[in-house]
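For the numbers below, each heavy atom of this structure counts, side chains included, while hydrogens, waters and symmetry mates do not. In what follows, chains are A, B, ... by sequence order, proteins preceding strands, each numbered from 1.
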Number of protein chains: 2
Amino acid sequence: MAVTKKEAESGSEAAEPPPSAARRPGGRTARVRDQVLAAVGPLLVEHGFDGLSVDAVAARSGVHRATVYRRWRDVGGLLADVLDAAGADRWTAPDTGCLEGDLRALNEEVQDALSEESSLARALIAASFRSAGAADALRRFWEDRYERCAHVVERAVARGELAPPVEARSLLVAATAPLYHHLVLLHGAPDPALPGEAARTAVLAARAGAFGTRSRTG
Amino acid sequence: MAVTKKEAESGSEAAEPPPSAARRPGGRTARVRDQVLAAVGPLLVEHGFDGLSVDAVAARSGVHRATVYRRWRDVGGLLADVLDAAGADRWTAPDTGCLEGDLRALNEEVQDALSEESSLARALIAASFRSAGAADALRRFWEDRYERCAHVVERAVARGELAPPVEARSLLVAATAPLYHHLVLLHGAPDPALPGEAARTAVLAARAGAFGTRSRTG
DNA sequence: CTTTTACCGCGACACCTGTCGCGTTAAGAT
DNA sequence: ATCTTAACGCGACAGGTGTCGCGGTAAAAG
């Protein structure tokens, strides 16, 4: 679980530390953070999101309750911190050779991530409704993912599959939104056909001129 | 607040009452239900979803805490009951004369409903992550709405705007999902242009042959 | 090494959440 | 009118959640 030091206080909205005041991010403080974050994942898998209380995390990590409350404020803050750590991974968008294949592969990843029993993504979505810190972390995470996925669209344009201009973000949202809608909002069961269908739909719309910066309804 | 008697026990998963046992849905019981449900709305508007506790509802309605817990189990059950009452309204899909106009009007309704400060829809989505009763009620509500909106697609086919067959539900999901994605999952601010863009995208995809029961990629 | 103080452990605390048993009330049946 | 009992009111209770003040520990500075 790689942890970047620079994000030591992420997930908290009272952002900036006093400019010249001495802080202590090293030694014991860092060890406490590692212990706590290391306890979140297993607890999430074992007891699900509803079983993920600050108390349980404190007990498992061996850190005192009050310390966890002071540094992370609530469960959302904890999830936000682990998400920020996870967001700094080396994930890249799939590259299957064609736009529809890329989008389909992307959707299948999304469906897998959202379908597993104790999904971190699902837990964070739930937490984002009760914790501002979790909501912010989720937004940052998705924004980062959209940025990386934009490469998929750029490749498609370079191959001549799409005529520029194309708003990558709108296209990606159109391709993935039906999945989230079905799995998260409607709490539906995974549908093996849905990733492909949503990808195909988005590609058809893109070829017909949607997602251009200027509307050409044709 | 019209309340249909038949739904007296909706939102509870231990569904069926003993077949020949005598129940008492009238008189005091009905009055208690009305008092409680009447208290949910105002509390939701005043204090938001986080301030909507069973205790607060009980206090405002004048009904004892234990009674509310017994009949509705949790906040999700309360919201589910309110939603079932709201689902029995006379809402019909917009009819503007063309498919894109209908979808755009529909999306604007969705955006308005989701953007208001203390949105019932938003609260129910949040509750659906913590309460099975709320999740079921939400699914029922949306399924009902999709059924009513199918008329929009049928009219479009009748006018010759689309060539059958067209899966109405998939088209409606594609048209509305980007809105939910932006407003609910990304917690984004309302975007006046988004309803129209999403509607146009869905129409373009539909004209290109998406949503047909058989794929014709063109 | 000594000093400073950021951060942590600790226990107490007020509040909220959900359940239970018991007595009472009144809806529905006779 | 009378009886039966479903549904409610009531208070107590255990457990969880979040905050606070105090004292101790150990980073970081000198």
Using atom CG of B/Asp34 as one end and atom P of D/dC8 as the other, report the distance to the nearest whole Å.
12 Å
Nearest whole angstrom, please: distance from the C1' of D/dG16 to the CZ of B/Arg130.
12 Å
Checking contacts here: which listed nucleotide (C/dC20, C/dC7, D/dC8) is nearest the side-chain heavy atoms of A/Thr29?
C/dC7
For the residue pair A/His181 and B/Trp142, categorise the inter-ring angle as parallel (less than 30°), tilted (30 to 60°) or perpendicular (more than 60°).
tilted
In whole angstroms, how far is the P atom of D/dT17 from the CZ atom of A/Arg70?
18 Å
Any side-chain N or O of A/Thr67 below 4.0 angstrom from OP1/OP2 of C/dG9?
yes
Identified side-chain contact (heavy atoms from CB on, under 4.5 Å) partner of B/Arg71 from the options B/Asp81, B/Val63, B/Val32, B/Val36:
B/Val32
Quick one: is B/Tyr69 getting a side-chain N or O under 4.0 Å of the C/dT19 phosphate, OP1 or OP2?
no
DNA chain C nearest-nucleotide lookup for A/Gln35 and B/Val75: closer to the 5′ end is A/Gln35
Flag, side chain of B/His182 to backbone of B/Tyr180, donor-acceptor distance under 3.5 Å:
no
Could you tell me the separation between the CZ atom of B/Arg73 and the P atom of C/dT19, rounded to a whole number of Å?
6 Å
Main-chain N/O of B/His187 paired with A/Arg139 side-chain donor or acceptor, under 3.5 Å
yes
Should the side chain of B/Arg65 and the base of C/dT17 be counted as holding a donor-acceptor pair, with the cut-off at 3.5 Å?
no
Whole angstroms only, please: what is the CG-C1' distance between A/Leu78 and D/dG18?
14 Å
Residues, nucleotides or ligands: over 12 heavy atoms within 6.0 Å of A/Glu46 CD:
yes
Nearest-Å distance, CZ (B/Arg31) to C1' (D/dG9)?
14 Å
On the side chain of A/Arg28, is there an atom forming a donor-acceptor pair with the base of C/dC8 - under 3.5 Å, no angle test?
no
Can you check the A/Arg33 CZ to C/dC7 P distance for me, whole Å?
13 Å
Expressed in angstrom and rounded to an integer, what is the separation of A/His64 atom NE2 from D/dC20 atom P?
14 Å
